[in-house]
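In what follows, a single structure is set out as structure tokens and then discussed.
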Amino acid sequence: MSPRHNRPRGGESRNDSASESADRYGGGGRTEEWQGEEWSVRPVSGASAAGKRYRCPGCDQEIPSGVPHLVAWSEYGGVDDRRHWHKACWNAKDRRTTKVQRSRNAPRY
């Protein structure tokens with residue numbers, strides 16, 4: 001039996017997978033245009049916000065502590081304008097309605 005080799009197969013190098021995971025879990029941010037404004041979008045690993053919970057404006061569901069997600073804010077907004085989004089919700093933001101329907105007893109965050 002030959003020893004196991006932990007090398008990627010194909011054209012993928014070790015640096016490619018490292019940069020991919022950095023982009024996915026807290027690497028550098030990017031700028032996107034949405035609703036006529038420039039938005040800064042930054043991936044967050046979720047590990048640094050232990051005990052914190054956020055509410056995604058896209059689906060109005062809670063983002064539990066430790067779950068990787070995105071933080072987005074308008075270029076012209078301040079620190080208080082940052083919003084935490086699920087990655088899928090941010091990608092589908094143009095296909096969602098403009099007003100989220102909440103039940104009567106739902107909290108208004």
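Positions are given from 1, in the same order as the sequence printed here. Since we're looking at a predicted model, the values are computed, not measured.
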To the nearest 0.5 Å, what is the distance between [atom1] ([X]) and [atom2] ([Y])?
X	Y	atom1	atom2	value
Leu70	Arg42	CG	CZ	10.5 Å
Arg82	Tyr54	CZ	OH	8.0 Å
His86	Glu62	NE2	CD	9.0 Å

Using every non-hydrogen atom in the two residues, find where [X] and [Y] come nearest and quote the distance to one decimal.
X	Y	result
Gly58	Cys89	CA-CB, 4.3 Å
Asp60	Arg55	O-NH1, 2.7 Å
Ser65	Arg53	N-CG, 4.4 Å

| Can you list the residues that meet the salt bridge (Lys or Arg N to Asp or Glu O under 4.0 Å) rule with Glu75, with sequence neighbours excluded? | none
| task | State whether the side chain of Trp85 and the backbone N or O of Trp90 hold a donor-acceptor pair below 3.5 Å, judged by distance alone. | result | no
| said: List the residues meeting side chain to side chain donor-acceptor pair (under 3.5 Å) with His84, not counting sequence neighbours, and say none if there are none. | reply: His69
